[in-house]
Amino acid sequence: MVGRFWAEALGWSAYRGGSGVATYVGPAGGPVWPDPVAVCVDVVAVPEPKTATKNRTHLDLATTSAAHQAELVARLQALGATPAHVGQGEVPWTVLADPEGNEFCVLEPREIYRDTGPIAAVVVDCADPRAMARFWGEAMGWTPHEVTDDHAVLRSATDAGPYLEFLRTPDVTTVPDRVHLDLLPYPGDDKAAEVARLRALGATDLDLGQGDVPWTCLADPEGHEFCVLAPS
C-alpha cells in the first residue's frame, strides 16, 4: 500500500524486488542505479507500527507554482495522505503523512528546487549539521552548497537530483529510524572496501537483527541508520 502511494505521489512506477522483501519506487523504465536525477524510494515491510514520534528523516516534495502546490496537496490527500502537525506553526509549506504516518512536506515553489525532480530534498534532523555535512559529504562524494550551525545542504557532484539537507533540531530522538538512506556502490566497486572507508570516516556497525543479508547496516556519527547495498 505504501509503495503504491509513493509511486502515484511521485508519478513513478513500483517494482517488486526479486527477494520479495522490498518494493522499489523509481522513474519509469525500472530501478536503475546510479540514476543521475532521482533518489529512489525502497519500501520494506516491518512488523512495528509507526509511533507518534516524528521520523528523524523525511522527504520534501518540489512544486513549480502555488497552483501546483495546492493541486499536489489535494491529490496526495485523495491518495490517502493526511495533515500532520509537527510543531511547524504558520509556514508556506504543507506537512502531510503517508498512509502509515510517515511525515513529509509539500514545499511552496522555490527556485533552488526547480530541477530536482519530484523529490526536492531528503531532510535529516540532527544535533550538528556541520559535522553531519562533513561525514556525508565524504561518504557520498557530494558537494556542500550551504553549511551553517543550523542547516547544511549537499548535492551530487553533477549538480543534479535532490538535495541532502541536515537541520539542527533540539532534542533529536534516538528511536530506530523508520526512514533511512541506502547507499549503492558503483558497478565494479569493492563493497567491503567501501564499508571500511565509511567506518574510517566515523560510521559504526549496527545490528538490527538483519541476519545474513547482502547489505551492511551502519550508523552515522549521530546514530542515524543506513545501509550499504551490494553493487549491481
Measure from the side-chain N and O atoms of Asp190 to the backbone N and O of Ala193, and report whether any donor-acceptor pair falls under 3.5 Å. yes

May I ask you to decide whether Asp177 forms a salt bridge with Arg56, counting only side-chain N to carboxylate O separations under 4.0 Å? yes

Can you confirm whether the side chains of His145 and Asp159 place a donor and an acceptor under 3.5 Å from each other? yes

OG1/Thr216 to CG/Leu198 distance, rounded to the nearest 0.5 angstrom? 9.5 Å

Can you list the steps and then say if Arg4 with Thr23 is a side-chain contact (heavy atoms from CB on, under 4.5 Å)? CA-CA 9 Å; Arg4 289 196 303 271; Thr23 297; over 6 Å; no

OG1 of Thr64 to CD of Glu108: how many Å apart, nearest 0.5 Å? 12.5 Å

Which Ile, Leu, Val, Met, Phe, Trp or Tyr residues join Val95 in one cluster when any pair of side-chain heavy atoms under 4.5 Å counts as a link? Val86, Val91, Trp93, Leu107, Ile112, Tyr113, Val153, Tyr163

Are Phe226 and Trp136 close enough that their ring centers fall under 6.0 Å? yes

Any salt bridge between Arg155 and Asp115, counting N to O under 4.0 Å? yes

Applying the side-chain contact (heavy atoms from CB on, under 4.5 Å) test to Thr63, which of Leu72, Thr94, Val73 qualifies? Leu72

SB check Arg178 Glu100 (cutoff 4.0 Å): yes

From Tyr15 atom OH to Asp42 atom CG, the distance as rounded to the nearest 0.5 Å: 12.5 Å

Between His180 and Cys227, is the side-chain contact (heavy atoms from CB on, under 4.5 Å) condition met? List the steps. CA-CA 8 Å; His180 67 262; Cys227 298; 3.7 Å; yes

Under 3.5 Å, is there a donor-acceptor pair between the side chain of Gln69 and the main chain of Val106? yes

Hey, does the side chain of Lys50 reach the backbone of Thr53 with a donor-acceptor pair shorter than 3.5 angstrom? yes

Rounded to the nearest 0.5 Å, how far does CG of Leu181 lie from CG of Leu164? 6.0 Å

With a 4.0 Å cut-off on N to O distance, would you call Glu194 and Lys191 a salt bridge? no

Polar side-chain atom of Glu103 near backbone of Leu96 as donor-acceptor pair, under 3.5 Å: no

Just jot down the side-chain contact (heavy atoms from CB on, under 4.5 Å) partners of Ala97, sequence neighbours excluded, or say none. Thr82, Ala84

Apply side-chain contact (heavy atoms from CB on, under 4.5 Å) to the pair Val41 and Leu10, showing each step before the final yes or no. CA-CA 10 Å; Val41 177; Leu10 299 170; 4.2 Å; yes

Applying side-chain contact (heavy atoms from CB on, under 4.5 Å) to Glu71 and not counting sequence neighbours gives His68, Arg75

Connected via hydrophobic side-chain network under 4.5 Å: Val179 and Val2: no

Distance, nearest 0.5 Å, that separates CE of Met1 from CG of Asp98: 8.0 Å

Qualifying salt bridge (charged side-chain N to carboxylate O under 4.0 Å, His left out) pairs with a residue from residues 134-152, counting only residues at least two apart or across chains: Arg130-Asp149, Asp150-Arg168

Any residue meeting side-chain hydrogen bond (donor to acceptor under 3.5 Å, both in side chains) with Asp128, in chain and number order, not counting sequence neighbours: none

With sequence neighbours excluded, residues passing salt bridge (Lys or Arg N to Asp or Glu O under 4.0 Å) with Glu165: none

Any chance you could measure Trp12, atom CH2, to Tyr24, atom OH, to the nearest 0.5 Å? 15.0 Å

Take Phe104 and Leu61, measure what side-chain contact (heavy atoms from CB on, under 4.5 Å) needs, and give me the verdict at the end. CA-CA 8 Å; Phe104 65 97; Leu61 304 189; 3.9 Å; yes

